[in-house]
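No hydrogens, no waters, no symmetry mates; every other heavy atom, side chains included, goes into these values. Each ligand, and each atom within it, is numbered from 1 in the order the structure gives.
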Amino acid sequence: MYDYLIVGSGLFGAVFAHEAKKAGNHVLVIERRLHTGGNVYCEEKEGIQIHRYGAHIFHTNYKDIWAYVNQFVHFNNFINSPIANYKGHLYNLPFNMNTFRELWDIVTPAQAKSIIDKQKKLINGKPKNLEEQAISLVGLDIYNKLIKGYTEKQWGCSCKDLPAFIIKRLPVRYTFNNNYFDDQYQGIPIGGYNQLIDALLDGIEVHLGIDYVQKRNDYCGIANKILYTGMIDEYFNYKFGPLEYRGLHFETERLNEENYQGVAVVNYTERNIPYTRIIEHKHFEYGTQPITYITREYPLNWCVGEEAYYPINNSRNQKLYERYKMLAKREKNVIFGGRLAEYKYYDMDDVIKASLMCVKKEIYKNL
Ligand code: FAD
Ligand code: UDP
C-alpha cells in the first residue's frame with residue numbers, strides 16, 4: 001500500500017513526490033509518456049540538449065524557489081534575448097529601446113514615448129481584449145508587425161477574442177535591455193532539465209507508459225491518496241464537454257553548420273509563416289559543436305486525445321473549468337494540481353511554488 005499515487009511526472013508531480021518521500025511517505029509515480037519530466041523533458045543529441053516540448057527558460061523572482069531548484073542542479077547564466085523576424089527584418093524583443101530604434105530610427109526614450117503615446121490614443125478606457133491591451137501598451141505599429149500575426153496563429157483566433165492578460169506577460173521598456181524577462185533569477189540547468197527531474201525522483205518508484213485514466217481500475221485502492229496532474233476534464237471523462245487547448249507540433253532538424261541563427265529563439269511574427277518560432281538548442285548552453293539542431297514550432301488546433309499544450313483561458317472555458325473544479329472538490333482523497341489539472345497557464349517557477357504549497361497543506365498540515 002502506498003501513501004500517495006502520483007499521476008504525472010512533470011514538475012508538479014516530481015516536486016510533490018520528492019517532498020512526500022522526504023517526509024517518510026511511500027510513493028508511486030505513474031506517467032503515460034515513455035519518459036519523466038512532462039514538458040521540460042530534454043533529449044540529448046550529439047552533446048546538445050534538445051528541448052523536446054519547446055524552449056524552456058527557467059526564470060523567477062521567488063528567492064525561495066531559486067534556492068529550491070539550486071539544491072538539485074546548477075544553472076548557467078543564459079539570458080533569453082529572442083529576436084522577432086517580420087518579413088525578413090529583425091527586431092529585438094521584448095519591446096524596448098532597441099525595438100523602437102529599429103522600427104522608427106529614433107534616438108531617445110522621449111521620442112519613442114511620444115510615438116507610442118500618440119498611437120495608444122486609439123484605445124479609450126480599460127482594454128477589453130488582447131488587441132486593445134496590446135495597442136494601449138505599445139501602439140499600433142508594434143501591434144501590427146510584432147503581435148497581431150504571431151498571436152493569431154499561436155492562439156488560432158482573433159486578438160479581439162483573447163484575454164488581455166496573455167500579452168501583459170511581456171515587458172515594455174524604455175531602456176536598451178533585451179532581457180525577455182524582468183525576473184531577478186534566470187538560467188538553464190547545466191546538463192539539462194532531466195538532471196533536475198532525475199534528482200527530484202531519485203529513489204522513487206516510477207512506472208512509465210501508464211495512462212491512469214485508462215488503467216484507473218488497476219490502481220484503485222493502491223494508495224491512501226492520489227495526486228492527479230493530468231487534464232481535469234479527461235479525469236471526469238469529459239462529462240461536461242472538453243475544455244479547449246492549443247496544440248503544438250515540433251519539427252526538429254539536424255543541420256550541418258555550426259550556427260544557424262545566432263540566438264536560441266527567433267519568433268516569426270507574420271501570419272502567413274506557419275510556425276511561430278525556431279529554436280536553435282545549442283545556444284541555450286553556449287554549445288560549440290560543429291553541427292546544430294533547430295526546431296520549428298507550429299501551433300495546432302487541438303482535438304481530444306492529442307497532447308494539450310496551452311489552456312485557452314477565455315470566459316467560456318473558465319466557466320466550464322469551474323464546473324469541473326466543483327466535481328474535483330467532491331472527489332475523495334484526490335488532489336488536483338499542475339497546469340492541466342488546474343487549467344492554468346503556469347510557468348515552471350509557479351508550478352514548483354504551487355506544488356510546494358500543496359505539500360505544506362497536505363503533508364505538513366498538522367505541524
Ligand atoms: P506537465 O509538464 O504537463 O506534466 C504533466 C505530466 O502528467 C505529463 O508528463 C503527462 O504526460 C502526465 N499525464 C497527464 N495525464 C496523465 C494520465 N492520465 N496518466 C499518466 N500520466 C499523465 N515555463 C517557464 O517557466 N519557462 C518557459 O520558457 C516555458 N516555456 C514553455 C514552452 C512551451 C511550448 C510550453 C507548452 C510550456 C512552457 N512553459 C514554460 C511552462 C512549463 O512547461 C510548465 O509550467 C510545467 O512544465 C508544468 O508542469 P506540470 O507538472 O504542471 O505539467
Ligand atoms: N507575443 C507576440 N509576439 C511575440 C511574442 C509573444 O505577440 O513575438 C504574444 C503572444 O500573444 C504570446 C504572448 O505574447 O502568446 C506571450 O508570449 P510568451 O513568449 O510569454 O509565450 P510562451 O513562451 O508562453 O508561448
Undergrad: Considering the heavy atoms of Tyr310, write down every atom of ligand 2 situated less than 4.0 Å from one of them.
TA: 22 (P), 24 (O), 25 (O)

Undergrad: Which atoms from ligand 2 have a heavy atom of Ile166 less than 4.0 Å away?
TA: 11 (O), 13 (C), 15 (O), 16 (C)

Undergrad: Whether Glu253 and Arg296 form a salt bridge (side-chain N of Lys/Arg under 4.0 Å from carboxylate O of Asp/Glu) is what I want to check.
TA: yes

Undergrad: Give me the residue, atom name and distance of the protein heavy atom closest to atom 23 (O) of ligand 2.
TA: Arg277 NH1, 3.2 Å

Undergrad: Which residue and atom name correspond to the protein heavy atom nearest atom 18 (N) of ligand 1, and how close is it?
TA: Asp211 OD1, 3.0 Å

Undergrad: Pick, from Gly247, Pro299, Ala55, the option with the minimum heavy-atom distance to atom 30 (N) of ligand 1.
TA: Ala55

Undergrad: Are the side chain of Asn194 and the backbone of Cys42 linked by a donor-acceptor contact shorter than 3.5 Å?
TA: yes

Undergrad: Judged by modelled atom types alone, do Tyr62 and Asp350 share a side-chain donor-acceptor pair under 3.5 Å?
TA: yes

Undergrad: Which residue from His59, Glu31, Arg33 reaches closest to atom 9 (O) of ligand 1 through any of its heavy atoms?
TA: Glu31

Undergrad: Determine whether the side chain, the backbone, both or neither of Val351 has a heavy atom under 4.0 Å from any heavy atom of ligand 1.
TA: side chain

Undergrad: Closest non-hydrogen protein atom to atom 1 (N) of ligand 2, residue and atom name please, with distance?
TA: Tyr150 CD2, 3.6 Å

Undergrad: Please indicate whether any nitrogen or oxygen in Phe12 is less than 3.5 Å from any nitrogen or oxygen in ligand 1.
TA: yes

Undergrad: Can you tell me if Asn76 and Glu285 form a side-chain donor-acceptor pair at under 3.5 Å?
TA: no

Undergrad: Nearest protein heavy atom to atom 15 (O) of ligand 2, by residue and atom, and its distance?
TA: Trp155 NE1, 2.9 Å

Undergrad: Do we see a donor-acceptor contact under 3.5 Å between the side chains of Ser81 and Asn178?
TA: no

Undergrad: Give me the residue, atom name and distance of the protein heavy atom closest to atom 2 (O) of ligand 1.
TA: Asn39 N, 3.0 Å

Undergrad: Only heavy atoms of Val213, strictly under 4.0 Å: list the atoms of ligand 1 that pass.
TA: 18 (N)

Undergrad: Which of the atoms of ligand 1 are close to Tyr53, meaning less than 4.0 Å from one of its heavy atoms?
TA: 33 (C), 34 (C)

Undergrad: Counting non-hydrogen protein atoms only, what is the nearest one to atom 22 (P) of ligand 2? Give residue, atom name and distance.
TA: Tyr345 OH, 3.4 Å

Undergrad: Would you indicate whether Asp64, at its atom CG, is surrounded by more than 12 heavy atoms from other residues, nucleotides or ligands within a distance under 6.0 Å?
TA: yes

Undergrad: Taking both backbone and side-chain atoms of Phe250, is any N or O found less than 3.5 Å from an N or O belonging to ligand 1?
TA: no

Undergrad: When you measure from the heavy atoms of Tyr41 to every atom of ligand 1, does any distance fall below 4.0 Å?
TA: no

Undergrad: Would you call Lys21 and Asp202 a salt bridge, taking side-chain N to carboxylate O under 4.0 Å as the test?
TA: no

Undergrad: At a 4.0 Å threshold, what atoms of ligand 2 neighbour a non-hydrogen atom of Leu93?
TA: 8 (O)

Undergrad: When you measure from the centre of the six-membered ring of Tyr185, is the NZ or CZ of Lys63 under 6.0 Å away and within 45° of the axis?
TA: no

Undergrad: If you have a sec, work out which protein heavy atom is nearest atom 19 (O) of ligand 2 and how many Å separate them, to one decimal?
TA: Tyr180 OH, 2.6 Å

Undergrad: Are Ile210 and ligand 1 in contact, using a heavy-atom cut-off of under 4.0 Å?
TA: yes

Undergrad: Under the criterion ring pair (Phe, Tyr, Trp, His ring centres under 6.0 Å), which of Phe250, Tyr245, Trp302 is the partner of Tyr309?
TA: Phe250

Undergrad: Which one holds for Leu146 and ligand 2: side chain close, backbone close, both close, or neither close, with close meaning a heavy atom under 4.0 Å?
TA: backbone

Undergrad: Number the atoms of ligand 2 from 1 as they appear, then name those within less than 4.0 Å of a heavy atom of Ile167, with their elements.
TA: 9 (C), 14 (O)

Undergrad: Looking only at heavy atoms, is any part of Ile147 under 4.0 Å from ligand 2, and if so is it the side chain, the backbone, or both, or is it neither?
TA: both

Undergrad: Output the list of atoms in ligand 2 that are nearer than 4.0 Å to some heavy atom of Thr269, sorted by atom number.
TA: 8 (O)

Undergrad: In terms of atom number and element, which parts of ligand 1 are under 4.0 angstrom from non-hydrogen atoms of Tyr212?
TA: 17 (C), 18 (N), 19 (N), 20 (C)

Undergrad: Under 4.0 Å from ligand 2, counting heavy atoms only, is it the side chain of Arg246, its backbone, both or neither?
TA: neither

Undergrad: What class does the angle between the rings of Tyr193 and His56 fall in, given that below 30° is parallel, 30 to 60° is tilted and above 60° is perpendicular?
TA: perpendicular

Undergrad: Distance under 6.0 Å and angle within 45° of the ring axis: does Arg216 meet both against Tyr228?
TA: no

Undergrad: Which one holds for Tyr310 and ligand 1: side chain close, backbone close, both close, or neither close, with close meaning a heavy atom under 4.0 Å?
TA: side chain

Undergrad: Could you tell me, atom by atom, which parts of ligand 1 come under 4.0 Å of a heavy atom of Gly38?
TA: 2 (O), 4 (O), 8 (C), 9 (O)

Undergrad: Find all atoms of ligand 1 within a distance of less than 4.0 Å from any non-hydrogen atom belonging to Gly230, and give their numbers and elements.
TA: 14 (C), 15 (N)

Undergrad: Show the atoms of ligand 1 that are less than 4.0 angstrom away from any heavy atom in Tyr309.
TA: 36 (C)

Undergrad: Out of Lys215, His56, His207, who is nearest to atom 37 (C) of ligand 1 when you count heavy atoms only?
TA: His56

Undergrad: Would you mind listing which atoms of ligand 1 come within a distance below 4.0 Å of any non-hydrogen atom of Gly338?
TA: 52 (O)

Undergrad: Looking at Lys282 and Glu258, does any basic side-chain N land under 4.0 Å from a carboxylate oxygen?
TA: no

Undergrad: Just going by heavy-atom distances, which of Thr151, Leu248, Ile57 is nearest to atom 10 (C) of ligand 2?
TA: Thr151

Undergrad: Using 30° and 60° as the class boundaries, would you call the ring planes of Tyr298 and Tyr275 parallel, tilted or perpendicular?
TA: perpendicular

Undergrad: Salt-bridged, Glu307 to Arg33, with N to O below 4.0 Å?
TA: yes

Undergrad: Give the numbers and elements of all ligand 1 atoms closer than 4.0 Å to a heavy atom of Leu248.
TA: 34 (C)

Undergrad: With a 3.5 Å cut-off and no angle check, do the side chains of Asn96 and Asn98 form a donor-acceptor pair?
TA: yes

Undergrad: Are the charged groups of Glu244 and Arg316 less than 4.0 angstrom apart, N to O?
TA: yes

Undergrad: Mind checking whether Tyr324 and Phe240 have parallel, tilted or perpendicular rings, split at 30° and 60°?
TA: tilted

Undergrad: Give the residue and atom name of whichever protein heavy atom lies nearest to atom 25 (O) of ligand 1, and the separation in Å to one decimal.
TA: Met348 N, 2.7 Å

Undergrad: Are any of the N or O atoms of Tyr346 closer than 3.5 Å to those of ligand 1?
TA: yes

Undergrad: Output yes when Arg32 and Glu234 qualify as a salt bridge under the 4.0 Å nitrogen-oxygen rule, no when they do not.
TA: yes

Undergrad: Regarding Glu31 and Thr36, do their side chains bring together a donor and an acceptor under 3.5 Å, going by distance alone?
TA: no

Undergrad: Ion pair present between Glu19 and Lys22, side-chain N to carboxylate O less than 4.0 angstrom?
TA: yes

Undergrad: Enumerate the atoms of ligand 2 whose separation from the nearest heavy atom of Gln154 is less than 4.0 angstrom.
TA: 15 (O), 25 (O)

Undergrad: So is Phe181 polar-close to ligand 1, meaning N/O to N/O under 3.5 Å?
TA: no

Undergrad: Tell me: protein heavy atom nearest atom 20 (O) of ligand 2, and distance?
TA: Arg169 NE, 2.9 Å

Undergrad: Suppose we measure from atom 1 (P) of ligand 1 to each protein heavy atom; which comes out shortest, and what is that distance?
TA: Arg339 NE, 3.7 Å

Undergrad: Give the residue, atom name and distance (to 0.1 Å) of the protein heavy atom nearest atom 5 (C) of ligand 2.
TA: Asn267 ND2, 3.4 Å

Undergrad: Would Arg254 and Glu46 pass as an ion pair if we require N to O under 4.0 Å?
TA: yes

Undergrad: Are any side-chain N or O atoms of Arg246 and backbone N or O atoms of Leu300, one a donor and one an acceptor, separated by less than 3.5 Å?
TA: yes

